[in-house]
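No experiment lies behind these values; they were computed from the predicted model shown. No hydrogens, no waters, no symmetry mates; every other heavy atom, side chains included, goes into these values.
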Amino acid sequence: MVVDWMPSNQEPFTFEDLTEICRREQKSKYPVEVRPDFYLVVRECRDRLKKEIEREFSIDQYSLKAKLASNQLIKFQEKSQQVFEFRFAKIQSMGLRAALGNRVDLRKLTPEELEFFNLIVEIISSKKSMLIGGEFTSTRTIDNYVAPVKREPVVQEVPARTEEIRPPEIAPEDEGVLPPEDEEVFPEDEEEPAEAASDPSEPAVESRSAAESPAEPEYILVRILADIPEIAGSDRNFRLKKEDIVTLPLPIANILIKQNAALKINIEL
């Protein structure tokens, strides 16, 4: 097939030209018309911008001209990438339609794009005959085609406290306390309870010291070391991001610390 190319434009390709092509590609369903040497002049324009940056940086790397030249090169590379993605996505769609027997217009493709189009048509046509014609059956499973996914730390929901906090041992009072069933009671000596109650200072001190002993905290302050999927807590859900400083329930915090996903923060007063 002979492609009727547009006349070659010998004028230098500029950043403004690329911006206009990118704008037209965004609005068009099919590839827009570009010069046959489009990819060549894009590379040449990129090289000119790099030389401009080198010249300005050799004069003064902190000057306004140096910053503008650097920004323009970055934008130029971004737009050239966008134009490539727009055009080749459309060419793939055209190749599928052509492989299925539909007519497509190839006059706006560059020689490089036409070569890619023919390759797409050849591959799709071959696979169609193999699959629909019954000449090919894959022995590979779906898992063979899926790239490995990086696993994030998995945090299981903890329905209850994993570490039981023992209540403080408080000395029982004399009144209203029943003795254990396996102990034998000797009621004949009635002076012993009064004698035990005659000196209440000793059990009172023991009770007060046990009650004032610090219990293990239910929440601790931690620093999150990695992004973590949403965790379902007993009262609310937690969505944690890397470098967050949060107060978490003790069971959840312990699991994250053991998995190296969090770091306990000790606050000294």
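Closest heavy-atom contact between M94 and L106: CE-CD2, 3.8 Å. Across all their heavy atoms, I224 and A262 have their closest contact at CD1-CB, 4.2 Å. Residues I257 and K264 approach most closely at CD1-CB, 3.9 Å, considering heavy atoms. Scanning all heavy atoms of the two residues, the minimum distance from K108 to V34 falls at O-CG2, 4.5 Å. The nearest pair of heavy atoms linking Q77 to S80 is O-OG, 2.8 Å.
R24 places no side-chain N or O within donor-acceptor distance of the main-chain N or O of P31, the cut-off being under 3.5 Å. Remark: the backbone N or O of I120 is not paired with any side-chain donor or acceptor of Q92 at under 3.5 angstrom. Within the 3.5 Å criterion, the main-chain N or O of P251 finds no donor-acceptor partner in the side chain of N254. Counting only distance, with no hydrogens or angles, the side chain of K90 and the backbone of E25 share a donor-acceptor pair below 3.5 Å. A donor-acceptor pair under 3.5 Å is absent between the side-chain atoms of K65 and the main chain of I59, judged by distance alone. Within the 3.5 Å criterion, the main-chain N or O of A99 finds a donor-acceptor partner in the side chain of K128. Using a distance-only test at 3.5 Å, with no hydrogens or angles considered, a donor-acceptor pair links the side chain of R48 to the main chain of F13.
Inspection of the R97 and S93 side chains reveals an N or O donor paired with an N or O acceptor under 3.5 Å.
Between T110 and R35, every side-chain heavy-atom pair lies at or beyond the 4.5 Å cut-off. D17 places a side-chain heavy atom less than 4.5 Å from the side chain of T14. For the pair K50 and L73, the minimum side-chain heavy-atom distance is below 4.5 Å. Within the 4.5 Å cutoff, the side chain of V222 has no heavy atoms near those of the L256 side chain. Put simply, the side chain of V41 reaches to within 4.5 Å of the side chain of E44, judged on heavy atoms. By the 4.5 Å heavy-atom criterion applied to side chains, L250 and E218 are not counted as neighbours. At a threshold of 4.5 Å between non-hydrogen side-chain atoms, the residues L240 and L248 count as touching.
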Exercise. Take R23 and E20 through the salt bridge (charged side-chain N to carboxylate O under 4.0 Å, His left out) test and state the conclusion after the steps.
Key: CA-CA 5 Å; R23 183 187 63 81; E20 176 63 19; 2.3 Å; yes
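Remark: I91 CD1 to E115 CD distance equals 11.5 Å, nearest 0.5 Å. Atom CD of E16 and atom CG of L18 lie 9.5 Å apart (nearest 0.5 Å). The structure places OG of S28 at 11.5 Å from CD of E33, a figure rounded to the nearest 0.5 Å. Atom-to-atom distance recorded for K51:NZ and R46:CZ is 11.5 Å, nearest 0.5 angstrom. How far CD of Q72 is from OG of S70: 10.5 Å, rounded to the nearest 0.5 Å. For the atom pair NZ (K241) and CD1 (I228), the distance works out to 10.0 Å, reported to the nearest 0.5 Å.
Using cut-offs of 30° and 60° for the angle between ring planes, the F88 and F116 rings count as tilted. The aromatic rings of F76 and F15 sit tilted, their planes meeting at an angle between 30° and 60°.
Cluster annotation: L68 is not connected to L49 through the hydrophobic network of ILVMFWY side chains, with a link wherever side-chain heavy atoms come within less than 4.5 Å. Linking Ile, Leu, Val, Met, Phe, Trp and Tyr whenever their side-chain heavy atoms come within less than 4.5 Å puts F117 and Y39 in one cluster. Residues V32 and F86 are members of separate hydrophobic clusters, defined by side-chain heavy-atom contacts under 4.5 angstrom among Ile, Leu, Val, Met, Phe, Trp and Tyr.
For E122, the CD atom sits in a loose shell: 12 or fewer heavy atoms of surrounding residues, nucleotides or ligands are nearer than 6.0 Å.
By the side-chain hydrogen bond (donor to acceptor under 3.5 Å, both in side chains) test, E85 pairs with Q81, sequence neighbours left out.
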